[in-house]
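Just so you know, these numbers use all the heavy atoms, side chains as well, and skip hydrogens, waters and symmetry mates.
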Amino acid sequence: MPGPKGTYDVLPGAEFGALAVVREAMLAPARLAGYRYAEAPVLEATELFARGVGESTDVVSKEMFTFPDRAGRSLTLRPEGTVGVLRAALDAGLHRGQLPVKLRYAGPMFRAERPQAGRYRQFQQIGIEALGLEDPALDAEVVALAWQAFAAVGLTRVRLQLTSLGDAACRPAYREALTAFLVGLELDADSRRRAQLNPLRVLDDKRPEVQAQLTGAPVMVDALCVDCRAHLAAVQAGLDALGVPYEPAPRLVRGLDYYMRTTFELVHDGLGAQSAVGGGGRYDGLAQAIGGPAVPGIGWAMGLERTMLALAAEGLGGPQEPGPAVFVVPLGSAAKACAVALVGALRTGGTPADLAYGERGLKGAMKAADRSGARWAVVLGERDLSAGTAAVKDLTDGASTTVPLDQLAGHLRRLAVGRERDDR
Ligand code: AMP
């Protein structure tokens, strides 16, 4: 029986089987930069998303999984991670401590979208948030960490698009100018409604017939006030210093008023229609929008499935779960007891090891050793045991060495450590 529409299973060898390894690899640069682990509930009050993501957005108006709990309170499966993590940080008063508050998170998000390649109803995101400061150097760090997340898994065809959405000083006048421009266009009812709620969102319409009409539209970057212009220049200088390439993206928008200044998206050209692999920006008004104090913030979220599809499009395997270094093949019950103890000692010492379970002959057990992906097989036969030795076989070239049992664990540990060093 398959899972619900728009979901998939993570299993070894399945399309997204490497999910956990990719997730950890992508978050590693943020961890090194001091972003600490955070987890907010998968379920939140519906109101949190209505206020924090915004009722005018497709996500809130059409895509949320919302239901009453047994007491009639409206709950929603989180469609994104920022609002919940921000709520949690504010509830805990982290913004009153050392700033910036730096957090990283990962987990499933839920949106009732039409499923297609790269678009699911339950999907996995990783994200970071930096709260409490408006320093453009912090913006540069956050954007750079997004870039580095993709570099960490080996992707080379990701493009970073960057712009500024202005602030309360310069955006209102721009918004008026854009509204005046949009009035003269032939837009369908849906776009007109969107233009009324937030004219900037019309710029984000991907349909060619809409894009064709937007050629001469005024763009925010041309209308930035002095402060916003300086902020953008400082972010760009920071990215230059960090060696992170970016493209100007004057049409890039985020739907809501509390998104301001730094805004960015990461796209991969090998993905077809769903080309966005991640995005983020500064959201200085969000904390207040969800009923909290004025706490500025900036963050991003990346989609893990699309990252893995991008890896496939680049012909890359991406990071993989490591197999055991050592696979022990015991022949007979005395050897089995010895194998169990050996594998236990190896694991305790940090060497990934496994053994052949079940009653298998040499041939079947060696096949299991091959399949495990291990580099070395240890064959423990009755005769070896009485001689006090074991045969250590290098599965890459078949070379076999005889090692005394009392030196076996140390010998294997040294081999495994040597391999780790070679891999680095
Ligand atoms: P957003 O929160 O909409 O900015 O999304 C951030 C990233 O999450 C996107 O760039 C995608 O990589 C990923 N994403 C968003 N929606 C979906 C979905 N329905 N299925 C898979 N990935 C998604």
Please name the pair of heavy atoms, one in [X] and one in [Y], separated by the smallest distance, quoted to 0.1 Å.
{"X": "Cys228", "Y": "Arg261", "answer": "SG-NE, 3.3 Å"}
{"X": "Val60", "Y": "Phe49", "answer": "CG2-O, 3.5 Å"}
{"X": "Arg347", "Y": "Asp354", "answer": "NH2-OD1, 3.3 Å"}
{"X": "Leu346", "Y": "Ala409", "answer": "CD2-O, 3.8 Å"}
{"X": "Ala353", "Y": "Val343", "answer": "O-CG1, 3.9 Å"}
{"X": "Arg78", "Y": "Pro108", "answer": "NE-O, 2.9 Å"}

Can you tell me how far apart [atom1] ([X]) and [atom2] ([Y]) are? Round to the nearest 0.5 Å.
{"X": "Ser333", "Y": "Lys336", "atom1": "OG", "atom2": "NZ", "result": "8.5 Å"}
{"X": "Asp227", "Y": "Leu232", "atom1": "CG", "atom2": "CG", "result": "12.5 Å"}
{"X": "Leu252", "Y": "Thr163", "atom1": "CG", "atom2": "OG1", "result": "6.5 Å"}
{"X": "Thr76", "Y": "Phe65", "atom1": "OG1", "atom2": "CZ", "result": "11.0 Å"}
{"X": "Glu80", "Y": "Phe123", "atom1": "CD", "atom2": "CZ", "result": "9.0 Å"}
{"X": "Arg171", "Y": "Leu224", "atom1": "CZ", "atom2": "CG", "result": "10.5 Å"}

For [X], enumerate each residue passing the side chain to side chain contact (heavy atoms under 4.5 Å, CB included) test, keeping only those at least two apart in sequence or located in another chain.
{"X": "Ala337", "answer": "none"}
{"X": "Leu32", "answer": "none"}
{"X": "Ser372", "answer": "Pro324, Phe327, Ala374"}

Any side-chain heavy atom of [X] within less than 4.5 Å of one from [Y]?
{"X": "Val221", "Y": "Pro248", "value": "no"}
{"X": "Trp300", "Y": "Ile128", "value": "yes"}
{"X": "Val143", "Y": "Thr262", "value": "yes"}
{"X": "Tyr283", "Y": "Val295", "value": "no"}
{"X": "Arg282", "Y": "Pro296", "value": "yes"}
{"X": "Val326", "Y": "Leu342", "value": "no"}
{"X": "Val417", "Y": "Arg414", "value": "no"}
{"X": "Tyr35", "Y": "Pro29", "value": "no"}

With a 3.5 Å cut-off and sequence neighbours excluded, list the donor-acceptor pairs that the side chains of residues 356-368 form with protein atoms.
unit_1: Arg360; atom_1: NE; unit_2: Tyr357; atom_2: O; d: 3.3
unit_1: Arg360; atom_1: NH2; unit_2: Tyr357; atom_2: O; d: 3.0

Atom pairs and distances, donor-acceptor, side-chain atoms in residues 82-102, under 3.5 Å, two or more places apart:
unit_1: Thr82; atom_1: OG1; unit_2: Glu129; atom_2: OE2; d: 2.9
unit_1: Arg87; atom_1: NE; unit_2: Glu44; atom_2: OE1; d: 2.9
unit_1: Arg87; atom_1: NE; unit_2: Glu44; atom_2: OE2; d: 3.2
unit_1: Arg87; atom_1: NH1; unit_2: Asp91; atom_2: OD2; d: 2.7
unit_1: Arg87; atom_1: NH2; unit_2: Glu44; atom_2: OE2; d: 3.1
unit_1: Lys102; atom_1: NZ; unit_2: Ala33; atom_2: O; d: 2.9
unit_1: Lys102; atom_1: NZ; unit_2: Glu141; atom_2: OE2; d: 2.9

Can a donor-acceptor pair be found, under 3.5 Å and without considering hydrogens, that links the side chain of [X] to the backbone of [Y]?
{"X": "Thr46", "Y": "Ser74", "answer": "yes"}
{"X": "Arg121", "Y": "Glu113", "answer": "yes"}
{"X": "Asp284", "Y": "Gly297", "answer": "yes"}

Pairs of donor and acceptor atoms involving the side chains of residues 303-318, under 3.5 Å and at least two apart or interchain, shall be tabulated with distances.
unit_1: Glu305; atom_1: OE1; unit_2: Gln124; atom_2: N; d: 3.4
unit_1: Glu305; atom_1: OE2; unit_2: Tyr8; atom_2: OH; d: 2.4
unit_1: Glu305; atom_1: OE2; unit_2: Gln124; atom_2: N; d: 2.7
unit_1: Arg306; atom_1: NE; unit_2: Gly118; atom_2: O; d: 2.6
unit_1: Arg306; atom_1: NH1; unit_2: Ala276; atom_2: O; d: 2.9
unit_1: Arg306; atom_1: NH2; unit_2: Gly118; atom_2: O; d: 3.1
unit_1: Arg306; atom_1: NH2; unit_2: Gln274; atom_2: OE1; d: 3.3
unit_1: Thr307; atom_1: OG1; unit_2: Gly303; atom_2: O; d: 2.6
unit_1: Glu314; atom_1: OE1; unit_2: Thr156; atom_2: N; d: 3.1
unit_1: Glu314; atom_1: OE1; unit_2: Thr156; atom_2: OG1; d: 3.0
unit_1: Glu314; atom_1: OE2; unit_2: Thr156; atom_2: N; d: 3.1
unit_1: Glu314; atom_1: OE2; unit_2: Arg157; atom_2: N; d: 2.7
unit_1: Glu314; atom_1: OE2; unit_2: His268; atom_2: NE2; d: 2.9

(request) Sort out for me which residue in Leu266, Val235, Asp240 forms a side-chain contact (heavy atoms from CB on, under 4.5 Å) with Tyr246. (result)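 Passing option: Asp240.
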(request) Ignoring hydrogens and angles, state whether a donor on the side chain of Asp139 or His231 is under 3.5 Å from an acceptor on the partner side chain. (result)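 Per modelled atom types, Asp139 and His231 side chains form a pair under 3.5 Å.
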(request) Take atom CD of Glu47 as the centre, draw a 6.0 Å sphere, and report whether it contains more than 12 heavy atoms from other residues, nucleotides or ligands. (result)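 Incorrect, the count does not exceed 12.
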(message) Apply side-chain contact (heavy atoms from CB on, under 4.5 Å) to residues Leu43 and Asp69 and explain how you reach the verdict.
(response) CA-CA 11 Å; Leu43 279 173; Asp69 72 5; over 6 Å; no
(request) Run the numbers on Phe67 and Leu75 for side-chain contact (heavy atoms from CB on, under 4.5 Å), then give the verdict. (result) CA-CA 6 Å; Phe67 52 90; Leu75 295 178; 4.3 Å; yes
